Amino acid sequence: MIKTFFNQQTQILETTYSEKVSLNEIVEYINETKCNPSYPRALKILTNCIDSEMTFGPNDIPKIVEANNQSLKKYDSITDALIVNNPNETALIIFFQMLSENKKYKVDAFSTEEAALNWLQNINS
């Protein structure tokens, strides 16, 4: 399950992955973000994956990358800080980082919300 909340004060899209998260849910979430004209064009996203289990594997990552690249056409930049605490999700994120070579997209993984927020607030979009 994926839930989102746009924090008007921080101008950060707060996303929470919980329980089992499928490839289709991720692609749908990316498409919904792409189609939302109210988000800032230099979008910052805080994604909490701590209470989730990804139900897809490394072979599915190119599909996510493609959906992400389509979404980037609507944005000046997207910066995504992912909070993870399990080796499987960390490995998937590293693989995703390797395949996501788009100058308009920055992504990194963190073990705490504090570190993720610090990175988001101090990175240049």
Side-chain angles (χ1 to χ4, degrees):
M1 177 184 324
I2 300 176
K3 293 183 181 178
T4 61
F5 167 75
F6 186 76
N7 186 320
Q8 293 290 338
Q9 184 177 1
T10 62
Q11 293 290 292
I12 293 173
L13 177 62
E14 298 174 3
T15 303
T16 303
Y17 293 8
S18 60
E19 303 171 4
K20 294 183 182 223
V21 178
S22 70
L23 172 65
N24 289 341
E25 286 177 296
I26 299 260
V27 170
E28 183 178 313
Y29 157 68
I30 292 170
N31 287 333
E32 288 173 4
T33 302
K34 173 178 74 175
C35 297
N36 190 324
S38 67
Y39 292 154
R41 296 300 89 187
L43 182 62
K44 293 186 177 187
I45 306 172
L46 177 66
T47 304
N48 188 330
C49 305
I50 288 179
D51 293 322
S52 68
E53 176 189 346
M54 305 300 172
T55 61
F56 54 89
N59 292 338
D60 296 315
I61 298 293
K63 295 173 189 160
I64 297 170
V65 170
E66 178 57 31
N68 203 48
N69 286 338
Q70 292 300 314
S71 182
L72 284 163
K73 292 178 180 179
K74 302 272 186 170
Y75 286 88
D76 297 330
S77 67
I78 296 178
T79 306
D80 197 353
L82 299 138
I83 307 165
V84 294
N85 69 346
N86 113 15
N88 184 53
E89 274 70 37
T90 303
L92 288 172
I93 289 166
I94 290 169
F95 190 51
F96 178 72
Q97 283 176 308
M98 290 170 49
L99 293 178
S100 297
E101 293 188 12
N102 188 315
K103 292 180 182 182
K104 293 170 64 174
Y105 186 68
K106 296 175 188 151
V107 61
D108 210 344
F110 302 88
S111 59
T112 67
E113 182 174 343
E114 180 182 8
L117 276 171
N118 186 51
W119 180 74
L120 274 179
Q121 292 166 342
N122 291 303
I123 197 161
N124 295 327
S125 297

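All values derive from a computational prediction rather than experimental measurement.
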Exam field: side chain Arg41 to backbone Lys74, donor-acceptor pair closer than 3.5 Å: yes

Polar side-chain atom of Asp60 near backbone of Phe56 as donor-acceptor pair, under 3.5 Å: no

For the student: nearest non-hydrogen atoms of Val21 and Ser18, plus distance: CG2-O, 3.8 Å

CG-NZ distance between Asn68 and Lys34, expressed to the nearest 0.5 angstrom: 10.5 Å

Any side-chain heavy-atom pair of Tyr105 and Tyr75 under 4.5 Å: no

Donor-acceptor contact below 3.5 Å, side chain Lys106 vs main chain Asp80: no

Closest non-hydrogen atom pair between Ile78 and Ser71, with its separation: CD1-OG, 4.1 Å

Atom pair OG1 (Thr33) and CD (Glu28), whose distance is rounded to the nearest 0.5 Å: 10.5 Å

Same apolar cluster (I L V M F W Y, side chains within < 4.5 Å links), Ile123/Ile12: yes

Close side-chain approach of Thr47 to Tyr17, heavy-atom, < 4.5 Å: yes

Side chain proximity check, Glu14 to Lys3, heavy atoms < 4.5 angstrom: no

Atom pair CE/OG of Met1 and Ser52 - distance to nearest 0.5 Å: 11.5 Å

Full working for side-chain contact (heavy atoms from CB on, under 4.5 Å) between Leu43 and Phe6: CA-CA 10 Å; Leu43 182 62; Phe6 186 76; 4.3 Å; yes

Any Asp108 side-chain heavy atom under 4.5 Å of Leu82 side chain: no

Heavy-atom closest contact (Ala81 atom, Leu120 atom, distance): CB-CG, 3.7 Å

Test item: Gln70 side-chain N/O and Ala67 main-chain N/O as donor-acceptor pair under 3.5 Å: no

Shortest non-hydrogen contact between Lys104 and Lys73, atoms and distance: NZ-CA, 4.2 Å

side-chain contact (heavy atoms from CB on, under 4.5 Å) evaluation trace for Met54 with Ser22: CA-CA 6 Å; Met54 305 300 172; Ser22 70; over 6 Å; no

Shortest non-hydrogen separation from Val84 to Ala109 and the atoms involved: CG2-CB, 4.2 Å

Thr16 vs Ile2 side-chain heavy atoms within contact, under 4.5 Å: no

Approximate separation, where rounding is to 0.5 Å, of Thr4 OG1 and Tyr29 OH: 7.0 Å

Check against side-chain contact (heavy atoms from CB on, under 4.5 Å), Asn48 and Thr15: CA-CA 6 Å; Asn48 188 330; Thr15 303; over 6 Å; no

Separation of Thr55 OG1 from Ile26 CD1 (nearest 0.5 Å): 8.5 Å

Side chain proximity check, Trp119 to Leu46, heavy atoms < 4.5 angstrom: no

Non-hydrogen atoms of Ile83 and Glu113 that approach each other most closely: CD1-CA, 3.5 Å

Value rounded to 0.5 Å, distance of CG in Leu23 from CG in Asn59: 11.0 Å

